[in-house]
Amino acid sequence: MQVTRLTFEDYRNLETGQWEPYGGVNVIVGENAQGKTNLLEALWLFTGGKSFRGAKDSELVGFSAEQCRLTMDFIAAEREQQAEITVKARRSATLNGVSLSSASKLAGTFCGVVFSPAHLSLIKGGPQERRRLIDAAYCQLRPSYVSVLTEYARVLTQRNALCKAKTGGDAVEELLELWDRQLAQSGCRLIHARQRYIQKMAPVAREIYQGLSGGKESFDIRYVSTVEHTEEKTAAEIAAELFDFLQKHHREDLAAGFTTVGPHRDDMEVLIDNRSARSFGSQGQQRSAVLAIKIAEAVLLEEVTGERPIALLDDVMSELDTSRQEYILNHIRDWQVFITCCEPTPLMQLRGGKQFCMSNGKLSTIK
Ligand SMILES: Nc1ncnc2c1ncn2[C@@H]1O[C@H](COP(=O)(O)OP(=O)(O)OP(=O)(O)O)[C@@H](O)[C@H]1O
Ligand SMILES: [Mg+2]
């Protein structure tokens with residue numbers, strides 16, 4: 001995967017024009033509020049995902065414009081391709097001149113991983129953010145997983161509506177049992193998929209984390225589910241156990257007005273030296289842990305798709321000591337990488353990448 005040209009028109013604060021990035025490490029240096037993150041966000045949109053900053057589509061359009069357009073020339077599947085994204089009232093996209101039914105259909109053609117300081121919520125935030133990040137990573141790996149998520153959400157909404165009605169009685173019990181069966185069926189697919197993803201990702205992330213810490217710290221990650229020891233169970237066993245749990249929680253669920261057990265409440269635990277990274281990790285350790293998970297995500301994507309994703313690293317170097325910075329740059333030196341930072345760093349110059357300056361939405365090359 002390689003981006004050869006990016007053209008922007010009325011996108012956020014970026015000056016209308018085009019940019020030809022370097023095939024290796026691109027370092028984008030600039031003061032605060034110049035448009036560095038905006039640039040990474042523009043590249044990310046071509047993965048078919050929504051903005052990694054959680055922005056609404058309409059916020060992508062430049063303040064004084066009605067619509068914005070981004071065009072990307074890239075090499076994927078060993079050929080030159082072009083994708084275009086237009087944001088007006090909604091986001092639409094074309095791929096090689098053909099309109100797609102939705103901009104999210106770009107997923108699978110262009111792939112990337114992104115690290116943004118907001119992703120530290122993978123460690124610091126609540127379980128919901130962790131679930132969202134694993135689900136998003138797995139969707140890039142297996143696009144069909146989207147339908148598993150949608151189906152689970154649909155059944156959960158129905159069951160929750162019934163819990164909210166709070167009528168009780170035999171009729172409700174019977175209806176609940178019906179939803180329990182369906183929720184257990186789609187829930188087990190969710191748990192099974194997440195469990196499989198974490199099992200694949202953990203050893204890769206562990207190795208990267210060990211490299212980052214110079215072999216001084218251990219790292220582990222595990223899925224914490226309503227159903228225990230999911231790694232040893234088949235999908236059918238997980239479904240049976242989940243059904244059992246749901247059955248036993250009718251009274252609580254009716255009192256709470258929602259479904260209190262199930263994979264929508266599961267979590268992922270990150271351990272550094274066998275202790276919770278969330279409770280005990282330092283800033284640098286937490287950042288390293290998220291980076292290890294993100295780089296592992298890219299390694300898995302490459303294994304599955306045969307295509308090396310681009311890496312977008314927003315403000316990644318702050319809080320990391322020189323040896324950790326050095327390790328990251330070494331580890332991804334054969335990828336096309338986009339790194340933003342406020343100060344030019346001598347380390348990056350050493351790696352033979354190219355540095356660009358972002359000033360007031362305008363990119364220029366730093367010699
Ligand atoms: N839709 C928009 N139209 C015009 N300008 C916008 C739009 N959205 C954001 N901006 C401007 O873009 C600037 C922020 O850009 P960005 O977040 O990329 O900065 P940055 O270079 O990453 O800064 P930092 O180093 O602080 O992270 C802000 O000044 C903001 O006003
Ligand atoms: Mg920024």
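Counting starts at 1 for both ligands and their atoms, following the listed order.
Between the choices A65, A33, C341, the shortest heavy-atom distance to atom 13 (C) of ligand 1 belongs to A33. Of the options N13, T340, V87, the smallest heavy-atom separation from atom 11 (C) of ligand 1 is shown by N13.
Protein heavy atom at the shortest distance from atom 26 (O) of ligand 1 is N32 ND2, 3.1 Å. R12 NH1, 3.7 Å is the protein heavy atom nearest to atom 9 (C) of ligand 1. The protein heavy atom nearest to atom 12 (O) of ligand 1 is N38 ND2, 3.1 Å. When hydrogens are left out, the protein atom nearest atom 17 (O) of ligand 1 is R53 NH2, 2.5 Å; that is the closest non-hydrogen contact. F63 CE2, 3.3 Å is the protein heavy atom nearest to atom 2 (C) of ligand 1. Of all protein heavy atoms, the one closest to atom 25 (O) of ligand 1 is K36 NZ, 2.7 Å. Closest to atom 27 (O) of ligand 1 among all protein heavy atoms lies T37 OG1, 3.9 Å.
A donor-acceptor pair is defined here as one N or O able to donate and one able to accept, closer than 3.5 Å; no such pair exists between the side chain of H331 and the backbone of Y327. A distance-only check finds a donor-acceptor pair linking the side chain of Q286 to the backbone of A277 [under 3.5 Å].
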*List the steps and the verdict of side-chain hydrogen bond (donor to acceptor under 3.5 Å, both in side chains) for T340 and D315.*
CA-CA 5 Å; T340 67; D315 196 16; 5.5 Å; no

*Test D266 against Y223 for side-chain hydrogen bond (donor to acceptor under 3.5 Å, both in side chains), laying out the working first.*
CA-CA 8 Å; D266 285 356; Y223 189 54; 2.8 Å; yes

*Please assess Y145 against Y197 for the test side chain to side chain contact (heavy atoms under 4.5 Å, CB included), listing each intermediate value before the final yes or no.*
CA-CA 11 Å; Y145 182 58; Y197 178 66; over 6 Å; no

*asked:* Let's go through F280 and I272 carefully: what are the C-alpha distance in whole Å and the side-chain angles of both, what is the deciding distance for side chain to side chain contact (heavy atoms under 4.5 Å, CB included) to 0.1 Å, and is it a yes or a no?
replied: CA-CA 8 Å; F280 303 106; I272 295 173; over 6 Å; no

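Minimum interatomic distance between C139 and V146 (heavy atoms only, all atoms of both residues): SG-CG2, 3.6 Å.
Within the structure, the closest approach of Q34 to ligand 1 falls below 4.0 Å when heavy atoms are considered. The shortest heavy-atom distance from G30 to ligand 1 is not under 4.0 Å. By the 4.0 Å heavy-atom criterion, E41 is excluded from the residues contacting ligand 1.
Under a cut-off of 6.0 angstrom, the local environment of CD in Q128 is sparse, with at most 12 non-hydrogen atoms contributed by other residues, nucleotides or ligands. Within 6.0 Å of the CD atom in Q247, the count of heavy atoms belonging to other residues, nucleotides or ligands exceeds 12.
Considering backbone and side-chain atoms alike, L60 places every N or O at 3.5 Å or more from each N or O of ligand 1. For ligand 1, the polar-atom distance check against C342 finds no nitrogen or oxygen pair separated by under 3.5 Å.
The side chain to side chain donor-acceptor pair (under 3.5 Å) contacts involving residues 115-126 comprise S121-E129, where partners must be two or more places apart or lie in separate chains.
The distance from the CG atom of D253 to the OG1 atom of T260 is 3.5 Å, given to the nearest 0.5 Å. To the nearest 0.5 Å, the span separating CD1 on I75 from CD on Q336 amounts to 9.0 Å.
Within the protein, the N, O or S atoms lying under 2.8 Å from the Mg ion (ligand 2) are T37 OG1.
R12 has a carboxylate O that lies under 4.0 Å from a charged side-chain N of E41, or vice versa, which qualifies the two as a salt bridge. Salt bridge present: D135 and R194 bring a charged side-chain N and a carboxylate O closer than 4.0 Å.
The backbone of V61, and not its side chain, has at least one atom closer than 4.0 Å to an atom of ligand 1 (non-hydrogen atoms only; backbone = N, CA, C, O). When non-hydrogen atoms are compared, ligand 1 lies under 4.0 Å from neither the backbone nor the side chain of M358.
Aromatic ring pairs are classed by plane angle as parallel below 30°, tilted from 30° to 60° and perpendicular above 60°; the pair H264 and Y152 is tilted.
Taking every non-hydrogen atom of E31 and a distance limit under 4.0 Å, the qualifying atoms of ligand 1 come out as 21 (O).
Protein heavy atoms are absent from the 4.0 Å sphere centred on atom 30 (C) of ligand 1.
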